[in-house]
Amino acid sequence: QTTKKAQVVILATGGTIAGAGASAANSATYQAAKVPVDKLLASVPELGNVADVRGEQVFQIASESFTNAHLLQLAKRVSALSKQKDVDGIVITHGTDTLEETAFFLNLTVHTTKPIVVVGSMRPGTALSADGALNLYNAVATAASPTAAGKGVLVTMNDEINSGRDVAKSVNVRPDAFKSAWGDLGMVVEGQTYWFRAPVKRHTVNSEFDIDQIDSLPQVDIAYGYGNTSPVAYQAFAAAGAKALIHAGTGNGSVSKDVVPALRELRAKGVHIVRSSRVMGGGFVLRNAEQPDDQYDWVVAHDLNPQKARILASLALTKSNDAKVIQRIFMEY
Ligand SMILES: NC(=O)C[C@H](N)C(=O)O
């Protein structure tokens with residue numbers, strides 16, 4: 001009796017997982033996005049033990065240079081592949097700097113229950129103790145596993161399986177860089193998945209956002225809260241056309257008294273204000289705590305970090321310009 005291996009497509013976008021350094025001692029100084037997808041796959045022949053894999057080079061960039069256009073193009077490709085009968089799972093290799101934004105975007109916009117796994121590495125393949133090969137192997141094993149179906153977009157790094165919604169790059173340089181405030185979903189060890197939780201927020205097939213219907217994203221920008229802050233960045237972003245501003249606020253998304261009047265003025269002109277928190281490891285911003293959101297018609301990002309709040313605000317604006325609807329979306333996804 002032969003059991004057919006899962007068919008997994010690897011979409012390569014660049015990043016350190018495709019990086020190369022001058023010597024094996026260069027774990028932190030190297031060039032990202034150098035190695036093409038065919039070479040990447042050939043360097044891990046063990047992939048063939050867990051799936052039939054084929055690769056596609058979508059981009060070859062460092063992830064800090066991702067734009068909304070890249071997000072749209074990648075998500076449309078993932079969506080098209082997910083509809084193919086000869087595709088059981090999809091892996092996206094990605095730089096780690098904005099990996100959490102892309103994973104969240106795919107989680108919100110691709111309507112499939114097939115496993116989608118985003119993966120990167122913290123060290124280039126040329127470095128001593130490079131983490132990319134094992135991360136890729138684990139990603140393919142997870143994408144090939146029926147146990148990963150219906151759990152939303154996943155991120156496998158450092159043997160851990162995290163939800164693309166929750167996970168954030170929380171340290172740099174070290175391979176244990178990716179953490180979720182609400183915990184890992186599971187582990188992937190020697191090609192075997194082990195699950196401990198499942199996401200409860202709306203995603204993929206239960207999302208009101210569908211990448212097949214979205215061709216552009218409204219401009220949303222992020223301004224940072226800090227001591228001695230001023231309204232300059234918020235006003236400049238709005239003048240340049242931002243439809244919503246994410247306030248990466250101190251603590252509970254608090255806003256300096258020197259900034260509040262400018263944000264109220266911008267809201268009166270139609271720009272949405274979304275309060276998030278700059279704290280590491282899990283913000284939790286509540287409506288009307290610190291600022292009277294009901295009175296000002298502002299939105300809170302709840303537990304989403306500023307960069308994830310940008311992604312969701314942008315998608316929300318494709319549906320509605322009503323702050324109450326945008327707030328409903330922030331509580332559901
Ligand atoms: N570790 C990495 O992948 C970092 C790199 N700058 C990137 O995001 O493309």
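Numbering of ligands and ligand atoms starts at 1, following listing order. Numbering of residues begins at 1 and proceeds along the displayed sequence.
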What atoms in ligand 1 come closer than 4.0 Å to a heavy atom of [X]?
X      : answer
Glu64  : 5 (C), 6 (N), 7 (C), 8 (O), 9 (O)
Ala62  : 9 (O)
Ser121 : 1 (N), 2 (C), 3 (O)
Gly15  : 9 (O)

Check your understanding: Of the protein's non-hydrogen atoms, which lies at the shortest distance from atom 1 (N) of ligand 1, and what is that distance?
Key ->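 Result for atom 1 (N) of ligand 1: Thr96 OG1, 2.6 Å.
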
Practice item. Distance to 0.1 Å, residue and atom name: give those for the protein heavy atom nearest to atom 9 (O) of ligand 1. Key: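 Its nearest protein heavy-atom neighbour is Ser63 N, 2.8 Å.
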
Review point. Would Ser79 and Asp212 count as having a side-chain donor-acceptor pair, cut-off 3.5 Å?
Key: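 Yes, side-chain donor-acceptor contact under 3.5 Å.
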
Check your understanding: Under 3.5 Å, is there a donor-acceptor pair between the Asp297 and His272 side chains?
Key ->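 Absent: no donor and acceptor within the cut-off.
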
Review point. Can a non-hydrogen atom of Gly14 be found less than 4.0 Å from any atom of ligand 1?
Key: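 So Gly14 does not count as touching ligand 1.
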
Check your understanding: Is it the side chain, the backbone, both or neither of Ala33 that has a heavy atom closer than 4.0 Å to ligand 1?
Key ->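 Under 4.0 Å from ligand 1, Ala33 contributes no heavy atoms.
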
Check your understanding: Step by step, would you call Val87 with Lys83 a side-chain contact (heavy atoms from CB on, under 4.5 Å)?
Key -> CA-CA 8 Å; Val87 176; Lys83 293 186 177 78; over 6 Å; no

Check your understanding: Short N/O distance, under 3.5 Å, between Thr16 and ligand 1?
Key ->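 Such a contact does occur with ligand 1.
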
